[in-house]
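Report on one structure; see the data block that follows.
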Amino acid sequence: MGFGHGFGGHGFGPGHHGPGGHGFPPGFGPRGGRRASRGDVRAMILSLLSEQPLTGYGIIQAAGAKTNGVWKPSPGSVYPTLQQLVDEELVEQVGEGKRTEYALTEAGRAYVADHAEELTKAWEAAPGRSEATEAFMESVGKFMGVLHQFRSAATDEQRAQAAAKIDEARKALYLILAED
(Lines give C-alpha, C1' and ligand atoms only; values in the text may rest on other atoms or scores of the structure.)
Protein backbone atom coordinates (compact mmCIF):
# COMPACT_ATOMS: atom_id res chain seq x y z
CA MET A 1 0.00 0.00 0.00
CA GLY A 2 2.87 2.36 0.71
CA PHE A 3 5.50 3.73 -1.60
CA GLY A 4 9.14 2.75 -1.35
CA HIS A 5 12.26 4.81 -1.89
CA GLY A 6 11.55 4.89 -5.62
CA PHE A 7 8.41 6.98 -5.16
CA GLY A 8 8.98 10.08 -3.09
CA GLY A 9 12.13 8.75 -1.41
CA HIS A 10 10.61 8.56 2.08
CA GLY A 11 10.88 4.83 2.58
CA PHE A 12 7.27 4.27 3.62
CA GLY A 13 6.97 1.28 1.35
CA PRO A 14 6.29 -2.40 1.79
CA GLY A 15 8.11 -3.83 4.74
CA HIS A 16 8.38 -0.45 6.48
CA HIS A 17 5.99 -0.24 9.35
CA GLY A 18 7.23 2.84 11.11
CA PRO A 19 5.23 4.93 13.53
CA GLY A 20 2.24 5.20 11.19
CA GLY A 21 2.32 1.50 10.31
CA HIS A 22 1.14 -0.30 7.20
CA GLY A 23 3.19 1.83 4.79
CA PHE A 24 1.81 5.15 6.02
CA PRO A 25 3.92 8.00 7.40
CA PRO A 26 3.82 8.65 11.16
CA GLY A 27 0.39 9.72 12.42
CA PHE A 28 -1.49 8.29 9.44
CA GLY A 29 -2.88 4.96 8.44
CA PRO A 30 -5.23 2.54 10.12
CA ARG A 31 -3.92 3.13 13.62
CA GLY A 32 -3.72 6.92 13.42
CA GLY A 33 -1.51 8.89 15.79
CA ARG A 34 -3.09 7.79 19.08
CA ARG A 35 -2.76 4.53 20.91
CA ALA A 36 -5.69 3.43 22.98
CA SER A 37 -5.12 3.17 26.69
CA ARG A 38 -5.74 -0.08 28.56
CA GLY A 39 -8.96 1.41 29.91
CA ASP A 40 -10.16 2.17 26.38
CA VAL A 41 -9.45 -1.40 25.24
CA ARG A 42 -11.15 -2.83 28.33
CA ALA A 43 -14.22 -0.63 27.85
CA MET A 44 -14.31 -1.43 24.12
CA ILE A 45 -14.21 -5.20 24.79
CA LEU A 46 -16.93 -5.05 27.44
CA SER A 47 -19.09 -2.87 25.21
CA LEU A 48 -18.75 -5.19 22.21
CA LEU A 49 -19.38 -8.30 24.30
CA SER A 50 -22.55 -6.71 25.67
CA GLU A 51 -23.88 -6.91 22.10
CA GLN A 52 -22.86 -10.54 21.40
CA PRO A 53 -20.20 -13.16 22.17
CA LEU A 54 -17.11 -12.76 19.98
CA THR A 55 -13.75 -14.37 19.35
CA GLY A 56 -10.65 -12.28 20.00
CA TYR A 57 -10.30 -11.75 16.26
CA GLY A 58 -14.00 -10.85 16.10
CA ILE A 59 -13.45 -8.18 18.75
CA ILE A 60 -10.60 -6.65 16.73
CA GLN A 61 -12.74 -6.68 13.57
CA ALA A 62 -15.81 -5.27 15.33
CA ALA A 63 -13.79 -2.39 16.80
CA GLY A 64 -12.44 -1.61 13.34
CA ALA A 65 -15.93 -1.73 11.85
CA LYS A 66 -17.40 0.50 14.58
CA THR A 67 -14.73 3.16 13.91
CA ASN A 68 -14.73 2.80 10.11
CA GLY A 69 -11.32 1.13 10.22
CA VAL A 70 -9.61 3.94 12.09
CA TRP A 71 -9.21 2.11 15.43
CA LYS A 72 -8.26 -1.52 15.15
CA PRO A 73 -6.73 -2.67 18.44
CA SER A 74 -3.81 -5.07 18.23
CA PRO A 75 -3.93 -8.69 19.40
CA GLY A 76 -1.25 -7.69 21.91
CA SER A 77 -3.72 -5.38 23.63
CA VAL A 78 -6.92 -7.41 23.15
CA TYR A 79 -5.88 -10.89 24.33
CA PRO A 80 -4.19 -9.88 27.61
CA THR A 81 -7.17 -7.66 28.41
CA LEU A 82 -9.55 -10.55 27.68
CA GLN A 83 -7.54 -12.76 30.03
CA GLN A 84 -7.70 -10.09 32.73
CA LEU A 85 -11.48 -9.87 32.28
CA VAL A 86 -11.73 -13.68 32.55
CA ASP A 87 -9.64 -13.57 35.75
CA GLU A 88 -12.00 -10.90 37.13
CA GLU A 89 -14.94 -13.16 36.23
CA LEU A 90 -16.55 -10.47 34.07
CA VAL A 91 -16.02 -12.54 30.91
CA GLU A 92 -16.03 -16.27 30.26
CA GLN A 93 -14.57 -18.39 27.49
CA VAL A 94 -16.98 -20.45 25.42
CA GLY A 95 -15.44 -23.18 23.25
CA GLU A 96 -11.81 -24.02 22.62
CA GLY A 97 -8.97 -23.22 20.24
CA LYS A 98 -9.28 -20.63 17.50
CA ARG A 99 -13.08 -20.66 17.73
CA THR A 100 -13.08 -19.72 21.40
CA GLU A 101 -15.64 -17.02 21.95
CA TYR A 102 -15.82 -14.68 24.89
CA ALA A 103 -19.11 -13.75 26.52
CA LEU A 104 -20.11 -11.60 29.47
CA THR A 105 -20.84 -13.40 32.69
CA GLU A 106 -23.73 -12.28 34.86
CA ALA A 107 -21.24 -10.15 36.81
CA GLY A 108 -20.00 -8.75 33.50
CA ARG A 109 -23.53 -7.81 32.41
CA ALA A 110 -24.05 -6.07 35.76
CA TYR A 111 -20.72 -4.23 35.35
CA VAL A 112 -21.70 -3.07 31.86
CA ALA A 113 -25.08 -1.84 33.14
CA ASP A 114 -23.45 0.01 36.06
CA HIS A 115 -20.74 1.58 33.85
CA ALA A 116 -22.73 2.37 30.68
CA GLU A 117 -21.67 6.02 30.63
CA GLU A 118 -17.97 5.11 31.02
CA LEU A 119 -18.23 2.61 28.14
CA THR A 120 -19.89 5.17 25.89
CA LYS A 121 -17.18 7.72 26.66
CA ALA A 122 -14.49 5.20 25.66
CA TRP A 123 -16.03 4.94 22.18
CA GLU A 124 -16.38 8.70 21.94
CA ALA A 125 -12.68 9.01 22.76
CA ALA A 126 -11.72 6.37 20.19
CA PRO A 127 -9.64 7.75 17.34
CA GLY A 128 -11.55 8.70 14.25
CA ARG A 129 -15.02 9.10 15.71
CA SER A 130 -15.74 12.60 14.41
CA GLU A 131 -17.44 13.20 11.06
CA ALA A 132 -14.53 15.43 10.01
CA THR A 133 -12.01 12.67 10.74
CA GLU A 134 -14.10 10.11 8.87
CA ALA A 135 -14.37 12.46 5.85
CA PHE A 136 -10.63 13.14 6.05
CA MET A 137 -9.78 9.43 6.11
CA GLU A 138 -12.11 8.80 3.16
CA SER A 139 -10.25 11.51 1.22
CA VAL A 140 -6.90 9.97 2.21
CA GLY A 141 -8.11 6.62 0.87
CA LYS A 142 -9.15 8.18 -2.45
CA PHE A 143 -5.81 9.99 -2.65
CA MET A 144 -3.91 6.74 -2.02
CA GLY A 145 -5.93 5.14 -4.83
CA VAL A 146 -4.90 7.75 -7.37
CA LEU A 147 -1.28 7.58 -6.18
CA HIS A 148 -1.35 3.84 -6.80
CA GLN A 149 -2.51 4.52 -10.36
CA PHE A 150 0.36 6.96 -10.88
CA ARG A 151 2.76 4.37 -9.50
CA SER A 152 1.66 1.67 -11.91
CA ALA A 153 0.12 3.34 -14.99
CA ALA A 154 1.57 6.84 -15.47
CA THR A 155 4.36 7.99 -17.72
CA ASP A 156 7.49 9.57 -16.26
CA GLU A 157 6.23 12.99 -17.44
CA GLN A 158 2.89 12.43 -15.65
CA ARG A 159 4.72 11.32 -12.51
CA ALA A 160 6.86 14.49 -12.59
CA GLN A 161 3.72 16.65 -12.91
CA ALA A 162 2.08 14.72 -10.08
CA ALA A 163 5.15 15.13 -7.85
CA ALA A 164 4.97 18.92 -8.31
CA LYS A 165 1.25 18.94 -7.42
CA ILE A 166 1.87 16.74 -4.38
CA ASP A 167 4.57 19.13 -3.18
CA GLU A 168 2.14 22.06 -3.59
CA ALA A 169 -0.54 20.19 -1.64
CA ARG A 170 1.91 19.23 1.12
CA LYS A 171 2.92 22.89 1.57
CA ALA A 172 -0.74 23.99 1.60
CA LEU A 173 -1.54 21.38 4.26
CA TYR A 174 1.33 22.58 6.46
CA LEU A 175 -0.07 26.12 6.18
CA ILE A 176 -3.44 24.87 7.43
CA LEU A 177 -1.73 23.27 10.44
CA ALA A 178 0.12 26.53 11.13
CA GLU A 179 -3.16 28.47 11.39
CA ASP A 180 -4.63 29.21 14.81
Side-chain angles (χ1 to χ4, degrees), residues 1-48 51 54 56-81 117-180:
M1 188 174 273
F3 298 101
H5 293 289
F7 195 95
H10 296 295
F12 297 112
H16 177 83
H17 300 283
H22 303 282
F24 288 92
F28 290 92
R31 297 194 186 277
R34 176 188 176 271
R35 291 190 81 121
S37 73
R38 260 182 232 249
D40 292 341
V41 173
R42 176 185 170 90
M44 173 270 304
I45 289 172
L46 290 168
S47 173
L48 291 173
E51 297 169 9
L54 292 165
Y57 179 75
I59 290 169
I60 293 167
Q61 294 304 313
K66 194 164 184 167
T67 61
N68 294 322
V70 177
W71 186 32
K72 195 169 180 184
S74 71
S77 64
V78 169
Y79 286 102
T81 305
E117 187 175 328
E118 174 187 327
L119 300 180
T120 300
K121 286 181 182 178
W123 282 111
E124 290 170 356
R129 292 304 294 167
S130 74
E131 287 183 31
T133 299
E134 290 175 17
F136 174 77
M137 292 309 293
E138 184 177 330
S139 291
V140 168
K142 290 175 184 175
F143 186 68
M144 295 303 286
V146 76
L147 289 180
H148 181 70
Q149 290 179 354
F150 269 89
R151 182 180 185 196
S152 60
T155 65
D156 284 345
E157 183 179 326
Q158 289 171 323
R159 286 186 188 115
Q161 291 174 4
K165 293 292 183 186
I166 291 168
D167 285 343
E168 288 175 26
R170 177 181 43 80
K171 291 173 186 173
L173 292 173
Y174 275 123
L175 287 174
I176 292 170
L177 288 174
E179 294 175 359
D180 284 323

Within this structure, what is the [atom1]-[atom2] distance for the pair [X] and [Y], rounded to the nearest 0.5 Å?
X      : Y      : atom1 : atom2 : answer
Thr155 : Gln161 : OG1   : CD    : 7.5 Å
Lys171 : Asp167 : NZ    : CG    : 6.0 Å
Lys142 : Leu147 : NZ    : CG    : 14.5 Å
Ser77  : Ile59  : OG    : CD1   : 10.5 Å

Show, in sequence, the C-alpha distance, side-chain angles and deciding distance for Arg42 and Ile45, and conclude whether the side chain to side chain contact (heavy atoms under 4.5 Å, CB included) test is met. CA-CA 5 Å; Arg42 176 185 170 90; Ile45 289 172; over 6 Å; no
Over all atoms of both residues, closest heavy-atom pair of [X] and [Y]:
X      : Y      : result
Pro73  : Ile60  : O-CG2, 3.4 Å
Arg159 : Arg151 : NH2-O, 3.0 Å
Tyr57  : Tyr79  : N-OH, 3.2 Å
Gln158 : Phe150 : O-CE2, 3.4 Å

More than 12 heavy atoms of other residues, nucleotides or ligands under 6.0 Å from CD of Glu51: is that the case?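 Check passes, neighbour count above 12.
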After noting the C-alpha distance and the side-chain angles of Val41 and Met44, does the key distance pass the side chain to side chain contact (heavy atoms under 4.5 Å, CB included) rule? CA-CA 5 Å; Val41 173; Met44 173 270 304; 4.0 Å; yes
Apply side chain to side chain contact (heavy atoms under 4.5 Å, CB included) to the pair Thr81 and Val78, showing each step before the final yes or no. CA-CA 5 Å; Thr81 305; Val78 169; 6.0 Å; no
